[in-house]
2 protein chains.
Amino acid sequence: MALEHALLVSLSEQAASGLDLTHRFDKSIGYFWTASHQQIYRVLGRMEGDGWVHCEVVAQQGRPDKKVYAVTEPGRLELERWLAEPTVTDPIRSELMVKIRGASYGDRAAIIEQARESLEDHRKRLSLYEFLESKDYPNPDLLEGRELDICLVLRGGVRLERFWIDWLTDYIDAHTRTTTKERRP
Amino acid sequence: MALEHALLVSLSEQAASGLDLTHRFDKSIGYFWTASHQQIYRVLGRMEGDGWVHCEVVAQQGRPDKKVYAVTEPGRLELERWLAEPTVTDPIRSELMVKIRGASYGDRAAIIEQARESLEDHRKRLSLYEFLESKDYPNPDLLEGRELDICLVLRGGVRLERFWIDWLTDYIDAHTRTTTKERRP
DNA sequence: CCTACCTATGCAACTCGTTGCAATGGGGCC
DNA sequence: GGCCCCATTGCAACGAGTTGCATAGGTAGG
């Protein structure tokens, strides 16, 4: 599995505390991988035990101390090894899709309503991503290396949200059309 | 969580044994939810204990007996309840996306190769879905109710594969362009 | 002043899912 | 005859992720 490796990627970009990482997983990296703070702390502990990261306690004013983690040489090698390893395409899971498949065994109107809510949700996320894109990467053609990668992943997020928006719109339309079919010429 | 409910949906369509369900999860329902046979057997056992399904042992010729499960009234009610319940959008996880974000800490060429393999994979799945679509739903405008739902979910699969294909193509292009930039006028 | 939330770390218990293995008997292939 | 794969069910161990809770000082608002 890969939370370890996601953390190695994030810590390679910039050393960070558990909470910093938690915040990053609510944004950027979080587009395509999520983790709760509890899990991050636990995995960081394990990674320290394995010698992949090492931590330094930093005292702060008016705040609790924080433990700033950085990748060690064995960690860097592990990341390299993992990056070169073949990747299996992870299956997608969508509860909403399962519900839609089973809509005829319950209240279809309620499910269409859930689709509308989901649509709203994806629209919000899309505008956030588009905002980030225009703010951070106004000239994508000039990018190279790591910046290009990060920009492309963000564009992946944009495309994925568009996929959901398009499909959910189709779904809602198809069922609205069905119910009002007889009223049209 | 929802494997229970995915099984209820599938069993509502048609009573089935554990192995039948396993096969279904390798297709149709499996577009947006996956499960191994071990997990299916375990969950079926739990569901029987909860009285959501009931099973009948069917003897077969030259094969082991099979236990055919069907949804009970309490199971039907539970499905209905779950269908009406609000749905949280499940996060997507893509190991490949994480790798791509971290590509500059390893062998980028190897990661582009993984992207190519993934692209192949998604192309194969797309042609399977398109084949199923043209075979089972040649006239989507005439569909209603459950059949419409199932067809729309399949179309969701098609769209999702197209998303991956488009994005992966972009990714590969962007990095090919970068490396060969200086050769162009 | 009290409430409530933020920073920062973490434990414990649980559920969900994966991996590896096993039993049993049939059919097909060489 | 020997080998391997299929159908069918299942257990056991593990790993990944979630939920609930705890501590403990700081700051902001009513």
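Residue numbers begin at 1 in each chain, while the letters A, B, ... track the order of the sequences.
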inquiry  = Between D20(A) and S17(A) (side chain of the first, backbone of the second, donor and acceptor by atom type, cut-off under 3.5 Å), is there such a pair?
reply    = yes
query = dA13(D) C1' sits how many Å from Q39(B) CD, rounded?
reply = 15 Å
query = Looking only at heavy atoms, which two atoms of G75(B) and L8(B) are closest? And how far apart?
reply = O-CD1, 3.7 Å
R93(A) CZ - dG17(C) C1' separation (whole Å) = 7 Å
query = Should Y41(B) be listed as having a side-chain N or O under 4.0 Å from OP1 or OP2 of dT9(D)?
reply = yes
query = Taking NE2 from H23(B) and P from dC6(D), how many angstroms apart are they, rounded to a whole number?
reply = 11 Å
key: Nearest-angstrom distance from the residue atom CG of D26(B) to C1' of dA7(D)   = 14 Å
note = The nucleotide from dT9(D), dT7(C), dG17(D) with an atom nearest the side chain of K67(B) is dT9(D)
key: Rounded distance in Å - CG (D90(B)) to P (dG17(D))   = 14 Å
query = Taking atom types as modelled and ignoring hydrogens, do the side chains of R76(A) and S12(A) form a donor-acceptor contact shorter than 3.5 angstrom?
reply = no
inquiry  = Please tell me whether T87(A) and Q114(B) have a donor and an acceptor in their side chains that are separated by less than 3.5 angstrom.
reply    = yes
remark   = Ordered by number, residues from residues 13-21 of chain B within less than 4.0 Å of DNA chain D (heavy atoms) are S17(B), G18(B), L19(B)
query = Residues in ring-ring contact (aromatic ring centres under 6.0 Å, His included) with Y171(B), at least two apart?
reply = W167(B), H175(B)
ask   = Is it true that atom CD of E56(A) has more than 12 heavy atoms of other residues, nucleotides or ligands lying nearer than 6.0 Å?
value = no
key: For atom CD of Q60(A) and atom C1' of dG26(D), their distance in whole Å   = 12 Å
Distance below 4.0 Å between R46(B) side-chain N/O and dC16(C) OP1 or OP2 = yes
Toward the 5' end of DNA chain C, by each residue's nearest nucleotide, Q38(A) or K66(A) = K66(A)
ask   = Taking atom C1' of dG17(D) as reference, at what distance in whole Å does atom CZ of F25(A) sit?
value = 13 Å
query = Does R42(B) get its side chain close enough to the base of dT18(C), under 3.5 Å, for a donor-acceptor pair?
reply = yes
ask   = Phosphate oxygens OP1/OP2 of dA8(C): is one of them under 4.0 Å from a side-chain N or O of R63(A)?
value = yes
Y105(B) and R146(A) side chains, donor-acceptor separation under 3.5 Å = yes
request  = Could you say whether H37(B) or Q61(A) is positioned toward the 5' end of DNA chain D, judged by the nucleotide with the nearest heavy atom to each?
outcome  = H37(B)
query = Taking CG from L44(B) and P from dT8(D), how many angstroms apart are they, rounded to a whole number?
reply = 14 Å
